[in-house]
Each structure stands twice: as C-alpha cells, then as structure tokens.
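Since the structure comes first, as structure tokens, the remarks are kept for the end.
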Amino acid sequence: MPNPQLCYKRQMGLDIRHSQFTPADYRLFGERLERNLERLREVLAVPGFGEGPGSLGAELELYIVDQAGRPAMLNAELQAAAGDPQLTLELNRYNLEYNLSPVAMADDPLRALEREILAKVQALRSLAAERDARIVPIGILPTLQSADFGPACLTDKPRYAALVEQLIARRGSQFRIDLNGRHPLRTEMDDVTLEGANTSFQVHYRVPPRHFADTFNAIQAVTPLALAVAGNSPTLFGHSLWQETRIPLFKQSIDTRLPDRYHWHEPARVNFGQGWVRREAFELFVEAVRLYQPLLPVCAGDDADRELAAMPPQLPELQLHQSTVWLWNRPVYDAACGGHLRIEMRALPAGPTAADMVANAAFLIGMAEGLRPGINAWLPALPFNFAEHNFYRAAQYGLEARLVWPRDRQCACEERTAAAIIADMLPVARRGLLAIGIDGVSAGRYLGIIERRLANGQTGARWQLARLEQAGTAARPDAAGLRDLLETYMVHSSGNSPVSEWPL
C-alpha cells in the first residue's frame, strides 16, 4: 500500500488567471526566478536535505473514446463524476491524467503501482461506460483525425489557454509537422493542440541530492534502451511513422523556434538535454532558467517572501517555469514532506497494459541503478551527443535501432542493435533493482515481461504495425482498419496480459 508519509505535489506551478502579459510582468517574474534559484542553492547546501527513503510514483495519461473509437470530449465531465483529487485534466478535452500515489522502495512499489493503475482505470472505465465512452492507455490513438484538433478541443482551463496563446505568440506562424516513416507525414497546425495526441507514463523517482547527478546521468544514458523496448506510438492520422512517434511529434507540435541562419540556435523547449550533469542537480535548474525565456510570467501572491524564507520553501515561480520546459528527463524540486528532489522520466508511452508500463519503468530504473556506482568511469566512453543520437534512433526504429554503446573493459564504443544491448543490460537492471530494495520476485516478474518482449520482438508498436500490415498492402489503412486495430487493442489491454503475449 502507498506509504502515507510519502507525498508528491503536482508540479503545475501557480494558477493562471489571464493570458496577456506586460514587459513589467516578465521583469518581475525574472527577478523572482533569480531569488528562487538562490534560495534553492541554499536549500540544497543544507546538510541532510532531501535524505530519506527512495520512492516511486507516476503520472498516467489516458484517452477517452466513444463507441466508434473516436475521441470523446468528456474529460471535465468524467473528472467531476470521479471526484478523485488524483485525476486531473489534460490539454485536450479527450485526455485525462492520473497522479498515482508515491510508494517507498521498501513497500514493493512496482506491484503497488500496477495495482493502483488497474483499480483507477477500472473505476474510470465504469464512469465512462455510463456515458457510452471508453478509456484507452495508448501512446497515440490510431483513429485520430485532423478535425480532432484546434480551439474546439482545448480543455477549458485558464492555464492551458494562456500556454497555447504564449506558444503561438512566440512562433508567429504555423507549427510545422514533418515526420518520416513508411508513410511520411507533412502538415501544418495553427495551434499547439496536436501536442495532446501524445499520452505518456511519466515516472517519478525520488533520489537523495548526493546521488542526483550520477543517477540522472545514468537515467539519461539508458533511456534510449527503455524507449526502444517500450514503443507504443507507431501511427498518426493513419501514417505509419516512428516506433515512438510521440518523440518527434511532441517536439515539433510546440516548437516556437523560427529558423534563421543569422541568429543563435535557441534550444527547443522539448529536448533531451544539453550535456551530462557535472556535479549536482542545481546545474539543471540554472540551465532551465538561463536557456529558456519564461512563457507564463505569473508571480506568487503577497506572502511570497514569507514562503520563500520557509524551510523548505515552495519556490512557485521556479516550479512554474520548470513546467514549461519539457526535458525528456526532468529534475523536480518538491517542498512536500520536508522537501526532496525527484527525477521525472517523461519518455515512456502510455500502455499497452498496466503490467507493461510498470515493467518499462522497472527496466529503466533498474538499468540506471545498476550502472550508477561506476557511472563516472563508464560515461567517458559515451559522449553526450552519442546518447542523444541513441535516443532519437531508438524512438525511430525501436528494437532494430543501431545504437552507439560502450564495450566492456575497453575505451571504445561500437554500434549494435538496441535488442542486443538490451539483452546484455537485463542482468544489470536486475542488479540495480535489488540494490534499491526491490525484492527478487518483483524484479523477476517485471524484467521477465521485458525479456519475453525482447525474445519474440513484439512491442506495442510492432504489434500495432503488424495488425495493420495483415492486409498485405503498402497503402495507408482506411478508417475501418484503424478502428478494428483499436478495438482489438482495447480488448487485450483491458485484460492486462503483457503485449508480448498478444496474438496477431
């Protein structure tokens, strides 16, 4: 069961009540950001800050669909009916998100997460059924159409309206989508609601500050391997694209940069990072403030100075700013429960099942913890740009991706398939899980799911593509074919049988 002494605060920042901002708003917000940063530096220097048991939590994003498998814009209605504070609204009106309970490592967090996902989603499915709707955990809904995006689908929430308006203002023109694959897709959108096509399983891992840099670097290094074996988003608008199309789609759908060869290249707000962490977590918070202009310059109220002086402080402006910089692995400062640091892993897709999602998280964290004790001797053989290359190639090709990876006991790298590297990393992941207190039975259960997926080469993405290709034609599937794919997917997903066991 979740430990009642553990608590995470949802990192949404301040309430947004308007979408128009003045230069004075930005100046004041910038000053507050600097004060937040300085206070964070002081807090992280306090002996013992953030120490305590490690824990695991997650956020699960979900689709709502009608009986025809089309998006159903019912998120506010379902949230109200559920009356569950853990259930929140997402950007588009057919998406919801569950903030799952954090669980201490000593309390079998993997099984606890799986049980909670099953219970929460089943309760939500019952509420949806009363409205002739259904709930689907999947990276990108196969039945999406271009008409499912635009102002009419935006959730009626001031924060989302402000965010959309500010992103559009920065871009100044249409957002261009250019995705390659079997059926390349090129299109333009007037707003950023296409970002809502992406649903994920975002894992939160609490770590002590003294281990943060090494743990974060290890997670960055192994994220491509977890992504390659977890793919579940191979299509958009009927186009067969990347194994994890969410990765380029998220980046492009909210990319505010305008190409100009005469100016500096501003980093994308969705990215893999700028380099390995050198010493401490504080570097990543400074980087987010220095590299990215604020989007939502909303400052805390009159008691901001008092809250800033508290121990631990809330740091609301920093948290709000962090929520508008979408690193695939992101540092989180949380004042809850005496204050602590977490690593938020954002690259894993939603679905296909609760068992699959928890297995993906277990493999990712296990690999990272298995590497962490020797990470500083290991990292020189993997320059950061190689790790970034691995991330995008894993998203594109999945298990067949050719990745650059250090060889044992040699100061060199070699290019190997993701599948081959993952096979070698399974014992490392088991060692890492045991080291952080996961019992052998639980570790074996979830790594066994990864092992079987690897053995038969069937990820969620591969299963979806194989179903679509059964027609034996290179043409794009029609609406009926996509609907049939989704219906079969939902049957298997609701049974919680790992995707490696799904028949074609």
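Quick caveat: nothing in here was measured; it's all calculated off a predicted structure.
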**Asked** Mind checking whether P142 and R467 have side chains closer than 4.5 Å, heavy atoms only?
**Response** no

**Prompt:** Given side chains that start at C-beta, do those of I343 and V207 come closer than 4.5 Å, heavy atoms only?
**Reply:** yes

**Message:** Using the rule given for side-chain contact (heavy atoms from CB on, under 4.5 Å), can you reason through R346 versus S200, listing the C-alpha separation, both sets of side-chain angles and the distance that settles it, and then say yes or no?
**Reply:** CA-CA 7 Å; R346 301 170 49 81; S200 60; 5.8 Å; no

Between the side chains of [X] and [Y], is a donor N or O closer than 3.5 angstrom to an acceptor N or O?
{"X": "E195", "Y": "N92", "answer": "no"}
{"X": "E61", "Y": "Q202", "answer": "yes"}
{"X": "Q174", "Y": "D190", "answer": "yes"}
{"X": "N329", "Y": "Q220", "answer": "yes"}

Hey, does the side chain of [X] reach the backbone of [Y] with a donor-acceptor pair shorter than 3.5 angstrom?
{"X": "Q252", "Y": "D178", "answer": "yes"}
{"X": "R246", "Y": "A347", "answer": "yes"}
{"X": "D478", "Y": "A480", "answer": "yes"}

**Asked** For the residue pair L296 and Q166, what are the closest heavy atoms and their distance?
**Response**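 Here L296 and Q166 meet closest at CD2-CG, 4.1 Å.
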
**Request:** For Q458, check side-chain hydrogen bond (donor to acceptor under 3.5 Å, both in side chains) against everything at least two apart and list the hits.
**Result:**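 So Q458 forms no side-chain hydrogen bond (donor to acceptor under 3.5 Å, both in side chains) with any residue.
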
Run the side-chain contact (heavy atoms from CB on, under 4.5 Å) test against [X] and tell me which residues pass, sequence neighbours left out.
{"X": "H389", "result": "R393, V404"}
{"X": "A221", "result": "W276, W378, L382"}
{"X": "R131", "result": "L74, E77, L78, A81, L127"}

**Request:** Any salt bridge (Lys or Arg N to Asp or Glu O under 4.0 Å) involving residues 439-449? Give me the pairs, sequence neighbours left out, ordered by first then second residue.
**Result:** E114-R445

**Qualifying salt bridge (Lys or Arg N to Asp or Glu O under 4.0 Å) pairs, either residue in residues 353-369, two or more places apart** =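 Residue pairs passing salt bridge (Lys or Arg N to Asp or Glu O under 4.0 Å), neighbours aside: D356-R453, E369-R372.
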
**Message:** If you take the centroid of each ring, where Trp contributes its six-membered ring, are Y292 and W326 closer together than 6.0 Å?
**Reply:** no

**Request:** Please find out if less than 6.0 Å separates the ring center of W502 from that of Y489.
**Result:**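 Yes: the rings meet the under 6.0 Å criterion.
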
**Message:** For the OH atom on Y392, are there more than 12 heavy atoms of other groups (residues, nucleotides or ligands in this structure) within a distance under 6.0 Å?
**Reply:** yes

**Prompt:** Which is it for E90 and T155 under the side-chain contact (heavy atoms from CB on, under 4.5 Å) test, yes or no, and what are the steps along the way?
**Reply:** CA-CA 7 Å; E90 276 296 296; T155 294; 5.8 Å; no

**Message:** Using 0.5 Å steps for rounding, measure from the CZ atom of F201 to the CG atom of L60.
**Reply:**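 Atom-to-atom, F201:CZ and L60:CG are 6.5 Å apart.
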
